[in-house]
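Residue numbering restarts at 1 for every chain, and letters A, B, ... go by the order of the sequence lines.
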Protein chains: 2
Amino acid sequence: MDQIFHALSHETRRKILDLLRDQPGQGVGVLARSFDVSRIAIMNHLAVLEKAGLVISEKDGRSRLLYLNLVPLQMIHERWSDEYGAYWAGRVTALKDLAERKTAEGGEKP
Amino acid sequence: MDQIFHALSHETRRKILDLLRDQPGQGVGVLARSFDVSRIAIMNHLAVLEKAGLVISEKDGRSRLLYLNLVPLQMIHERWSDEYGAYWAGRVTALKDLAERKTAEGGEKP
DNA sequence: TATATATGTAATTACATTATTACATATAAG
DNA sequence: CTTATATGTAATAATGTAATTACATATATA
């Protein structure tokens with residue numbers, strides 16, 4: 001769980017997931033050319049994503065083909081539906097009040 | 001986005017969200033007693049959660065009352081439904097094959 | 001007012017993350 | 001076989017995280 005959220009907490013890694021969704025089976029080098037950091041940096045990000053199970057790779061000759069794996073995201077998505085779904089319907093209005101009071105702060109001490 | 005996922009990437013912070021869901025309006029000290037790290041550590045975690053918008057707080061006398069705010073989670077939940085919903089239905093079977101091949105690895109070089 | 005309670009701030013420390021450059025290995029093509 | 005291509009590994013530096021202890025501020029209550 002830590003690993004999944006940590007993997008998602010970096011813009012570059014989320015962009016990698018997007019690119020692999022749109023064009024599955026890219027190699028490491030090709031993918032890296034979509035960014036302006038080094039290939040090694042991208043490889044480190046890929047290692048983080050693979051440990052989190054969000055990316056799967058397959059060796060093909062001298063290339064390593066990369067694929068997005070959405071199963072961990074599905075898991076979280078479903079879990080949130082279960083754990084917070086009811087709560088979202090009910091509680092949110094009460095909290096919205098507080099949130100709005102907070103947002104409106106900044107001109108109330110005359 | 002980075003902030004939200006980073007906030008969620010620590011077990012202690014996820015547990016704080018759970019506790020605030022189950023018992024909203026707790027003060028910092030009371031909350032901290034549910035953990036075996038220092039109150040200061042919990043305050044740091046709370047700062048991370050507040051920056052991410054996942055926790056809202058309200059001063060009440062000498063206490064600071066804490067509330068869970070699920071709006072950021074809802075946002076992500078809905079965004080995933082939009083961006084990956086169709087993909088989940090279609091692509092997953094193809095990727096499951098690769099994932100299963102990967103999982104089955106570890107006894108195939110005789 | 002004095003005191004206990006609740007929260008906030010500062011300084012410090014250990015460790016993790018993110019990126020870099022330089023070098024090493026593996027494979028395809030000429 | 002030699003060369004170019006694709007990926008992998010090592011060492012290193014800058015920055016960020018997570019935790020601690022010690023001290024400071026604010027507020028309720030005896």
How do A:D60 and A:H10 order along DNA chain C: which one's closest nucleotide is nearer the 5' end?
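Its nearest nucleotide being more 5', the pick is A:H10.
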If each of B:V30 and A:D36 is mapped to the nucleotide of DNA chain C with the nearest heavy atom, which maps nearer the 5' terminus, i.e. the 5' end?
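Its nearest nucleotide lies further toward 5', so the answer is B:V30.
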Could you label the plane-to-plane angle of the B:H10 and B:H45 rings as parallel, tilted or perpendicular, counting under 30° as parallel and over 60° as perpendicular?
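If you compare the ring of B:H10 with that of B:H45, the planes turn out tilted.
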If the plane angle is over 60° it's perpendicular, under 30° parallel, otherwise tilted; pick one for B:H77 and A:W80.
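Judged by the thresholds at 30° and 60°, the geometry between B:H77 and A:W80 is tilted.
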Taking the minimum atom-to-atom distance to the side chain of [X], which one of [options] wins?
{"X": "B:I40", "options": "C:dT18, C:dA10, C:dA22", "value": "C:dA10"}
{"X": "A:S63", "options": "C:dT9, D:dT7, C:dT18", "value": "D:dT7"}
{"X": "B:A41", "options": "C:dT18, D:dT20, D:dG8", "value": "D:dT20"}

Can you tell me the distance, in whole Å, between the [atom1] atom of [X] and the [atom2] atom of [N]?
{"X": "B:N44", "N": "C:dT7", "atom1": "CG", "atom2": "P", "result": "15 Å"}
{"X": "B:R62", "N": "D:dT29", "atom1": "CZ", "atom2": "P", "result": "6 Å"}
{"X": "A:I42", "N": "C:dT17", "atom1": "CD1", "atom2": "P", "result": "17 Å"}
{"X": "B:L31", "N": "C:dT7", "atom1": "CG", "atom2": "C1'", "result": "13 Å"}
{"X": "B:E11", "N": "D:dA18", "atom1": "CD", "atom2": "C1'", "result": "15 Å"}
{"X": "B:R39", "N": "D:dA18", "atom1": "CZ", "atom2": "C1'", "result": "16 Å"}
{"X": "B:L46", "N": "C:dG8", "atom1": "CG", "atom2": "C1'", "result": "12 Å"}
{"X": "B:L49", "N": "D:dT17", "atom1": "CG", "atom2": "P", "result": "13 Å"}

Check for a donor-acceptor pair, side chain of A:R14 on one end and backbone N or O of A:L8 on the other, with a separation under 3.5 Å.
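Present.
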Looking at CG of B:D60 and CG of B:L65, how far apart are the two atoms once the value is rounded to the nearest 0.5 Å?
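Output value for this atom pair is 4.5 Å.
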Does A:R64 make a side-chain N or O approach to OP1 or OP2 of D:dA6 shorter than 4.0 Å?
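False: A:R64 side-chain N/O out of range (4.0 Å or more) of D:dA6 OP1/OP2.
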Does a side-chain N or O of B:H45 approach OP1 or OP2 of D:dA19 to a distance below 4.0 Å, or not?
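Answer is yes, contact under 4.0 Å.
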According to a hydrophobic-cluster definition based on side-chain heavy atoms being under 4.5 Å apart (Ile, Leu, Val, Met, Phe, Trp, Tyr only), do B:V48 and A:I4 belong together?
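Looking at the clustering, A:I4 is in a separate group from B:V48.
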Touch class at under 4.0 angstrom, heavy-atom based, for B:S38 against every strand present:
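Base contact.
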